[in-house]
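The structure under discussion appears below in the form of structure tokens.
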Amino acid sequence: MITPASHRPAGQPPLPEPTAWHEIHLTVNGDPVVAHVESRLLLSDFLRQRLGLTGTHIGCEHGVCGACTVLMDQVPVRSCLTLAVQADGTEARTVEGLADDGEPLGPVQRAFHEQHGMQCGFCTPGFVMTCTALTERTERPDEETVTDELSGHLCRCTGYQNIRAAVRQALDESFGPQEAQ
């Protein structure tokens with residue numbers, strides 16, 4: 001069980017109203033987590049500061065760039081727009097939880113590496129999490145769906161060609177090569 005070191009940073013005064021703290025129970029990357037969180041604490045801050053999962057990046061803090069994307073019950077969500085209390089009772093996955101035991105990279109991470117689907121790497125965790133959700137669907141998503149899903153992410157370094165190649169490779173590994181249309 002992961003237990004945050006402290007429910008409140010040292011020296012921080014208690015919040016004024018008694019309902020400002022909540023006990024949450026969730027699973028993060030397969031590990032049960034129980035924590036006391038403030039009502040206003042963002043999921044991104046909880047993951048990074050309380051659990052030390054710094055692979056979830058914080059870019060715009062407006063939900064526009066997609067760098068903070070995590071999976072909550074298999075659905076990509078912007079952790080900078082999601083309160084930690086909203087994750088109560090859910091299963092959350094971050095980029096740190098994608099590789100199988102003993103493996104350095106998960107299948108989607110490996111595809112991004114092999115296709116050079118990154119440059120500076122800041123946006124990569126968000127793209128990888130969204131691509132992971134695409135590969136875990138029951139049927140291969142069509143190109144329009146892939147484009148729509150990826151449009152919620154910004155990369156300032158690439159022309160997206162290698163990112164799309166990585167996504168195609170990951171989808172091919174999950175569903176088999178796409179048939180020519």
Side-chain angles (χ1 to χ4, degrees), residues 1-9 21-59 63 65-115 117-118 121-141 145-146 149-150 152-153 163 166-167 169-176:
M1 176 188 274
I2 298 174
T3 305
S6 167
H7 70 278
R8 181 165 39 102
W21 291 93
H22 304 274
E23 183 174 277
I24 61 171
H25 301 257
L26 67 154
T27 302
V28 180
N29 297 332
D31 294 319
V33 175
V34 177
H36 289 88
V37 298
E38 307 90 343
S39 299
R40 63 181 176 227
L41 182 66
L42 294 172
L43 181 59
S44 57
D45 293 333
F46 176 72
L47 294 169
R48 292 177 58 81
Q49 297 168 8
R50 302 275 182 90
L51 301 183
L53 299 171
T54 57
T56 301
H57 292 168
I58 301 172
C65 74
C68 69
T69 301
V70 299
L71 301 183
M72 202 159 73
D73 291 334
Q74 295 86 37
V75 176
V77 298
R78 300 294 198 259
S79 64
C80 75
L81 297 178
T82 305
L83 297 171
V85 295
Q86 291 174 284
D88 186 31
T90 67
E91 181 178 324
R93 278 197 298 165
T94 68
V95 71
E96 290 93 344
L98 295 181
D100 291 330
D101 288 339
E103 295 294 322
L105 300 173
V108 174
Q109 293 166 309
R110 190 175 52 257
F112 270 74
H113 174 74
E114 291 172 2
Q115 295 296 328
M118 66 197 103
F122 190 81
C123 66
T124 306
F127 274 109
V128 167
M129 296 310 295
T130 295
C131 184
T132 296
L134 289 170
T135 64
E136 292 176 350
R137 292 184 176 193
T138 55
E139 294 181 8
R140 183 185 185 113
T145 301
V146 171
E149 293 288 329
L150 296 180
H153 296 273
I163 292 170
V167 172
Q169 177 180 322
L171 290 172
D172 286 349
E173 287 180 20
S174 292
F175 300 103

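Predicted model, so just to flag it, every value in this text is computed and none were measured.
- When side chains are defined from C-beta on, D172 counts as touching R140, because their heavy atoms get closer than 4.5 Å.
- Each of T54, L42, L43 was compared with R48 under the side-chain contact (heavy atoms from CB on, under 4.5 Å) criterion, and only T54 meets it.
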Name every donor-acceptor pair, under 3.5 Å, that has one atom in a side chain of residues 131-138 and the other anywhere in the protein, sequence neighbours excluded.
| from | atom 1 | to | atom 2 | distance (Å) |
| --- | --- | --- | --- | --- |
| T132 | OG1 | V128 | O | 2.8 |
| T135 | OG1 | T132 | O | 2.8 |
| E136 | OE1 | R93 | NH2 | 2.5 |
| E136 | OE2 | R93 | NH1 | 3.2 |
| E136 | OE2 | R93 | NH2 | 2.9 |
| R137 | NH2 | E149 | OE2 | 3.4 |

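- Shortest non-hydrogen contact noted between G121 and P125 is O-CD, 3.4 Å.
- Note on ring orientation: taking the six-membered ring where Trp is involved, the planes of F127 and F112 are tilted (angle from 30° to 60°).
- Atom OG of residue S79 and atom NE2 of residue H57 lie 11.0 Å apart, to the nearest 0.5 angstrom.
- Atoms CD and OG, from Q169 and S174 in turn, are 10.5 Å apart once rounded to the nearest 0.5 Å.
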Compile the donor-acceptor pairs under 3.5 Å between side chains in residues 101-111 and protein atoms, sequence neighbours left out, one pair per line.
| from | atom 1 | to | atom 2 | distance (Å) |
| --- | --- | --- | --- | --- |
| Q109 | OE1 | G106 | N | 2.6 |
| Q109 | NE2 | V95 | O | 3.3 |
| R110 | NH2 | E173 | OE1 | 3.4 |

> Could you go step by step and tell me if H22 and H36 meet the side-chain contact (heavy atoms from CB on, under 4.5 Å) rule?
Replying inline: CA-CA 5 Å; H22 304 274; H36 289 88; over 6 Å; no
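- Salt bridge status for R50 with D45: absent, with no side-chain N to carboxylate O gap under 4.0 Å.
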>> side-chain contact (heavy atoms from CB on, under 4.5 Å), that's the test. Do L53 and V70 meet it? Break it down for me.
In response: CA-CA 11 Å; L53 299 171; V70 299; over 6 Å; no
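- With values rounded to the nearest 0.5 angstrom, T27 atom OG1 is found 12.5 Å from M72 atom CE.
- Atom-to-atom distance recorded for T90:OG1 and L71:CG is 11.0 Å, nearest 0.5 angstrom.
- Heavy-atom minimum distance, P76 versus T130: CB-OG1, 4.1 Å.
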>> Run N29 and T94 through side-chain contact (heavy atoms from CB on, under 4.5 Å) and show every step you take.
In response: CA-CA 7 Å; N29 297 332; T94 68; 2.8 Å; yes
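- Counting only heavy atoms from C-beta outward, the side chains of F175 and P141 approach each other to under 4.5 Å.
- Between the side chain of D88 and the backbone N or O of L26, no donor-acceptor pair lies under 3.5 Å.
- Between M129 and L98 the shortest side-chain heavy-atom distance falls below 4.5 Å.
- At a threshold of 4.5 Å between non-hydrogen side-chain atoms, the residues L47 and V28 count as touching.
- The shortest non-hydrogen separation linking C65 to G59 is SG-CA, 3.8 Å.
- When the shell of 6.0 Å around NE2 of H113 is examined, it contains 12 or fewer heavy atoms from other residues, nucleotides or ligands.
- In this structure, E96 contributes its side chain and G55 its backbone to a donor-acceptor pair below 3.5 Å.
- What you find for F122 and I58 is that their closest heavy atoms are CZ-O, 3.3 Å.
- A side-chain donor-acceptor contact under 3.5 Å links T69 and R78.
- The minimum heavy-atom distance linking G117 with T124 is given by the pair O-OG1, 4.5 Å.
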